Trainee: 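Here it is, the structure, as structure tokens.
All figures in this text were calculated on a predicted structure; none of them were measured in a lab. Throughout, protein chains are lettered first and strands after them, A, B, ... in sequence-line order, and every chain is numbered starting at 1.
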2 protein chains.
Amino acid sequence: MENYKIDDVAKECGLTKRTIRYYEEIGLLFAPDRSDGGTRLYSRAHIDQLKQITNAREVLGFSLQEMQDYVSASNKIAERHQGYLQTEDRDQKRKELLELESIVAHQLQIIDQKLAKIAEVRQMTEVRYQRVQEALKNLPE
Amino acid sequence: MENYKIDDVAKECGLTKRTIRYYEEIGLLFAPDRSDGGTRLYSRAHIDQLKQITNAREVLGFSLQEMQDYVSASNKIAERHQGYLQTEDRDQKRKELLELESIVAHQLQIIDQKLAKIAEVRQMTEVRYQRVQEALKNLPE
DNA sequence: TATATATTTAACGTCAACGTTAATTATATG
DNA sequence: CATATAATTAACGTTGACGTTAAATATATA
């Protein structure tokens with residue numbers, strides 16, 4: 001299992017080292033293991049998660065605060081799916097799942113709104129592009 | 001032709017008055033006519049343009065600086081399309097049009113990248129949603 | 001026309017999301 | 001193993017995008 005140092009992660013994810021430490025500081029990113037000397041050692045899972053975070057942030061336009069909720073929800077779902085957290089009582093479990101369902105449903109709703117809006121903007125931009133093309137065609141030689 | 005005051009515009013566009021003045025200040029919005037007393041009087045065109053700006057900004061994730069370039073290009077195209085700016089020489093005209101073409105083509109490219117990314121994020125979110133649904137179904141009564 | 005409400009400019013304040021710097025310690029390399 | 005390069009924490013700095021306040025007009029309304 002390979003290890004990556006912070007600069008490797010930064011380059012692969014297109015972020016700065018400061019940003020990565022900052023994300024860890026505010027609890028957006030899992031703290032990685034450390035070497036004996038204290039150097040952060042990342043795994044591929046960290047890199048993948050970081051990429052997902054920046055991707056989601058970019059398309060959703062969320063603040064880092066909002067991203068924490070987003071990430072928190074998806075982590076809970078991942079944990080559950082891997083078989084952890086199976087010890088609580090039924091009512092508690094159901095309640096938590098229903099809350100997760102509502103959160104993720106809301107996220108889907110936001111995403112779909114974004115999709116609709118971006119389609120609209122694309123349409124308007126496309127029209128502009130065609131106008132420029134037309135103007136170029138109509139230019140006398 | 002109706003006139004709107006800044007608070008009407010703010011409400012319809014979902015912005016604050018400060019934001020609208022700020023956009024005008026940095027040249028993102030055309031300065032509207034004023035009453036004799038100095039009160040800003042907006043037309044429907046202003047409102048429509050402002051809505052387009054906020055829409056595009058939201059989906060593209062542009063900074064206000066980047067939006068200026070975006071708006072500047074679309075304004076040039078609109079002017080041209082309405083028959084202004086027809087007096088320069090052919091080479092100059094062609095050069096400008098080619099530059100506009102490149103700018104708008106780039107915008108389309110960015111939009112399509114966004115669309116691809118958002119589709120990816122939607123897919124992952126959808127998977128999470130299904131997992132929650134599944135977990136709810138598998139809950140013993 | 002008096003008065004309440006809204007608008008204007010100017011200036012300073014704020015907050016998120018990092019950037020930058022410095023001093024210190026780790027790790028890699030000839 | 002010496003030394004160059006990289007990582008760490010801590011702290012202060014910066015920047016974009018407005019918020020807020022104040023003092024002076026303008027506009028709307030009883």
Trainee: Which whole-number value in Å describes the distance from I6(A) CD1 to dA7(D) C1'?
Mentor: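 The distance from CD1 of I6(A) to C1' of dA7(D) comes to 8 Å, rounded to the nearest Å.
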Trainee: What pairs with Y22(A) under side chain to side chain contact (heavy atoms under 4.5 Å, CB included), at least two apart in sequence or on another chain?
Mentor: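 With sequence neighbours excluded, Y22(A) shows a side chain to side chain contact (heavy atoms under 4.5 Å, CB included) to R18(A), E25(A), I26(A), L64(A), given in chain and number order.
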Trainee: Going by heavy atoms in the side chains, are I53(B) and V71(B) under 4.5 Å from each other?
Mentor: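 Side chain of I53(B) against side chain of V71(B), heavy atoms only: contact under 4.5 Å found.
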Trainee: May I have the distance from L28(B) (atom CG) to dG16(D) (atom C1'), rounded to whole angstrom?
Mentor: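 Whole-Å distance recorded here is 13 Å.
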Trainee: How many Å lie between CG on L29(B) and P on dA17(D), as a whole number?
Mentor: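 For the pair L29(B) CG and dA17(D) P, the rounded distance is 15 Å.
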Trainee: Donor-acceptor pair, distance only, cut-off 3.5 Å: does the side chain of S102(B) make one with the backbone of L98(B)?
Mentor: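 No; zero donor-acceptor contacts below 3.5 Å.
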Trainee: With a 4.0 Å cutoff (strictly under), does any side-chain N or O of R34(A) reach OP1 or OP2 of dT9(D)?
Mentor: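 Yes, such a contact exists.
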Trainee: Of the listed nucleotides (dT27(D), dG19(D), dT9(D)), which one gets closest to any side-chain atom of T39(B)?
Mentor: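 That would be dT27(D).
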Trainee: Please compare K17(B) and G37(A) by the position of their nearest nucleotide in DNA chain C and report the one closer to 5'.
Mentor: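 Here K17(B) is the residue nearer the 5' end.
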Trainee: If you find the nucleotide of DNA chain D closest to G38(A) and the one closest to T16(B), which residue's nucleotide is nearer the 5' end?
Mentor: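 The residue whose closest nucleotide sits nearer the 5' end is G38(A).
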Trainee: Nearest-Å distance, CG (N3(A)) to C1' (dA7(D))?
Mentor: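 It works out to 15 Å between those atoms.
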Trainee: Keeping the roles fixed (side chain from K114(A), backbone from L60(A)), state whether a donor-acceptor pair exists under 3.5 Å.
Mentor: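 Here the side-chain-to-backbone pair exists.
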Trainee: Check every atom of dA17(D), dA7(D), dA17(C) against the side chain of L64(A) and return the nucleotide holding the closest atom.
Mentor: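 So the nucleotide nearest the side chain must be dA17(C).
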Trainee: Nearest whole Å is fine: how far is dT9(D) P from I20(A) CD1?
Mentor: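 To the nearest whole Å, that distance equals 13 Å.
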Trainee: Rounded off to whole Å, could you give me the OH-to-P distance for the Y22(B) and dT8(C) pair?
Mentor: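 Checked: the OH to P distance equals 18 Å.
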Trainee: Please report, rounded to the nearest Å, how far the P atom of dT7(C) is from the NZ atom of K5(B).
Mentor: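 So the NZ-P distance, K5(B) to dT7(C), works out to 5 Å.
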Trainee: In terms of the nearest nucleotide of DNA chain C, which residue is placed more toward the 5' end: R21(B) or R18(B)?
Mentor: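 Between the two, 5'-proximity favours R21(B).
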Trainee: Would you kindly give the CZ-to-C1' distance between R40(B) and dT7(C), to the nearest whole Å?
Mentor: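 Interatomic distance, CZ of R40(B) to C1' of dT7(C): 8 Å.
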Trainee: Report the C-alpha separation of T54(B) and Y23(B) in whole Å, then their side-chain angles, then the decisive distance to 0.1 Å, and conclude whether the side-chain hydrogen bond (donor to acceptor under 3.5 Å, both in side chains) test is met.
Mentor: CA-CA 11 Å; T54(B) 52; Y23(B) 284 6; over 6 Å; no
Trainee: Kindly say if Y23(A) contacts the phosphate of dC18(C), meaning a side-chain N or O under 4.0 Å from OP1 or OP2.
Mentor: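 For Y23(A), the contact criterion (side-chain N or O under 4.0 Å from OP1 or OP2 of dC18(C)) is met.
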